[in-house]
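Okay, so here's the structure we're looking at.
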Amino acid sequence: NLTLRIVNYFNKILNKNLSPKYDIKIPDDYLSISKELMPNNDKYIGFSITAGHPTRNKEFKLDEIIKVANYFKKKNYIPVFFIEKKYNELINLLKEKIDNVFFPEEEVDEKFQNPMIVTALGTLTEFNITIDNGISHMLSFSNNKNYIFYNESSDKFKPASDKNVIFDCKINNTTINSLKSDQIIEFINNN
């Protein structure tokens with residue numbers, strides 16, 4: 001956001017409308033691993049639902065996001081959850097509640113377990129559903145469509161990619177943990 005403010009400042013001074021390039025080169029080995037994990041004969045939807053810090057109130061209610069995943073599962077998508085292995089209890093619960101759910105972190109060799117693999121995997125999803133967290137920024141570099149849900153401050157913290165569709169709970173007079181699955185699905189289907 002600091003970079004964007006500086007660019008906007010220079011645009012005003014120079015009377016131009018320039019923007020930073022938001023493309024990164026994903027190394028071939030990461031793309032190759034991603035394609036092995038997620039073959040292109042299937043359709044995938046990415047989910048990132050964990051906040052970086054447990055005291056921050058910016059997560060979906062778990063039962064509502066399970067309903068969203070199952071809705072898209074019925075539409076022949078494979079739900080892919082970007083969740084660190086340390087969330088073992090959450091991973092086991094999602095496996096129990098969602099058929100054919102996929103957790104790439106379980107399959108990736110340790111030397112590739114870093115932000116670049118998330119970005120590479122994000123290039124293979126149809127779209128991604130995420131909250132305001134670090135993964136949303138990694139997925140934004142994938143140049144795929146991302147639906148990002150914010151409790152507030154979406155203008156301040158949203159990734160700069162124009163492929164992001166933002167739902168700002170504050171503007172919509174709600175909170176992320178009170179969103180129902182049908183509201184999330186409707187927002188995605190309409191955008």
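All of these numbers come straight from a predicted model, not from anything done at the bench.
Glu105 approaches Val118 most closely through the heavy-atom pair OE2-CG2, 4.2 Å. Of all non-hydrogen atoms in Ile45 and Ile129, the two that sit nearest each other are CG2-CD1, 4.2 Å. Listed here is the closest heavy atom pair of Phe82 and Gly122: CZ-N, 4.5 Å. Shown here for Asn146 and Leu139, the closest heavy-atom pair between the two residues is ND2-O, 3.4 Å. For the pair Phe81 and Ile49, the tightest heavy-atom approach, listed with the atom from each and the gap, is CE2-CD1, 3.9 Å.
Using a distance-only test at 3.5 Å, with no hydrogens or angles considered, no donor-acceptor pair links the side chain of Asn172 to the main chain of Thr174. The main-chain N or O of Lys180 is never found under 3.5 Å from a side-chain atom of Glu64 such that the two would form a donor-acceptor pair. Judged by distance alone, with hydrogens and angles left aside, the side-chain atoms of Ser140 form a donor-acceptor pair with the main-chain N or O of Ser136 at under 3.5 Å.
More than 12 heavy atoms of other residues, nucleotides or ligands lie within 6.0 Å of CG in Asn41, so this atom counts as buried by the packing criterion. Heavy atoms from other residues, nucleotides or ligands lying under 6.0 Å from CG of Asn40 number 12 at most.
Ser34 is listed as a side-chain neighbour of Ile117, based on a closest heavy-atom distance under 4.5 Å. Between Ile148 and Phe167 the shortest side-chain heavy-atom distance does not fall below 4.5 Å. Contact of the Ile65 side chain with the Ser181 side chain is not registered, since no non-hydrogen atoms from C-beta on lie closer than 4.5 Å.
None of Asn144, Asn143, Ile135, Ile24 except one satisfies the side chain to side chain contact (heavy atoms under 4.5 Å, CB included) rule with Thr119; the exception is Ile24. None of Met116, Glu110, Lys111 except one satisfies the side chain to side chain contact (heavy atoms under 4.5 Å, CB included) rule with Gln113; the exception is Glu110. Here the rule is side chain to side chain contact (heavy atoms under 4.5 Å, CB included) with Phe60, and of Val68, Asn177, Ile184, Thr130 only Ile184 fits it. Screening Thr123, Leu121, Asn128 against Thr125 for a side chain to side chain contact (heavy atoms under 4.5 Å, CB included) leaves a single residue, Asn128.
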Just list the side-chain donor-acceptor pairs under 3.5 Å for residues 69-76, sequence neighbours left out, or say none.
{"from": "Asn70", "atom 1": "ND2", "to": "Ile66", "atom 2": "O", "distance (Å)": "3.3"}
{"from": "Asn70", "atom 1": "ND2", "to": "Lys97", "atom 2": "O", "distance (Å)": "3.2"}
{"from": "Tyr71", "atom 1": "OH", "to": "Asn189", "atom 2": "ND2", "distance (Å)": "3.2"}

Could you go step by step and tell me if Val101 and Phe103 meet the side chain to side chain contact (heavy atoms under 4.5 Å, CB included) rule?
CA-CA 7 Å; Val101 66; Phe103 298 90; 3.5 Å; yes
Working for side chain to side chain contact (heavy atoms under 4.5 Å, CB included), residues Ile131 and Tyr150:
CA-CA 6 Å; Ile131 60 172; Tyr150 286 83; over 6 Å; no
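Interatomic distance, SG of Cys169 versus CD1 of Ile176, reported as 5.0 Å (0.5 Å rounding). Remark: Thr175 OG1 to Lys170 NZ distance equals 13.0 Å, nearest 0.5 Å. Asn114 contributes atom CG, which lies 9.0 Å from atom CE of Met138 (distance to the nearest 0.5 angstrom). Here the straight-line distance linking atom CG of Leu124 with atom CG of Leu37 works out to 9.0 Å at 0.5 Å rounding. Between Ile83 atom CD1 and Leu94 atom CG the span is 5.0 Å, to the nearest 0.5 Å. Between the CD1 atom of Ile171 and the CD1 atom of Ile166 there is a distance of 10.0 Å, given to the nearest 0.5 Å.
Note that Lys43 lies in the cation-pi zone of Tyr77, set by a 6.0 Å cut-off to the ring centre and a 45° limit from the axis.
A donor and an acceptor atom, one from each side chain of Ser32 and Asp29, are nowhere located under 3.5 Å apart.
Note: Tyr30 and Phe112 meet the aromatic proximity criterion, with ring centroids under 6.0 Å apart. The six-membered or imidazole ring of Phe102 lies away from that of Tyr44, with a centre-to-centre distance of 6.0 Å or more. For Phe187 and Phe149, the distance between ring centers is under 6.0 angstrom.
For the pair Glu106 and Lys95, the salt-bridge criterion is met [side-chain N within less than 4.0 Å of a carboxylate O].
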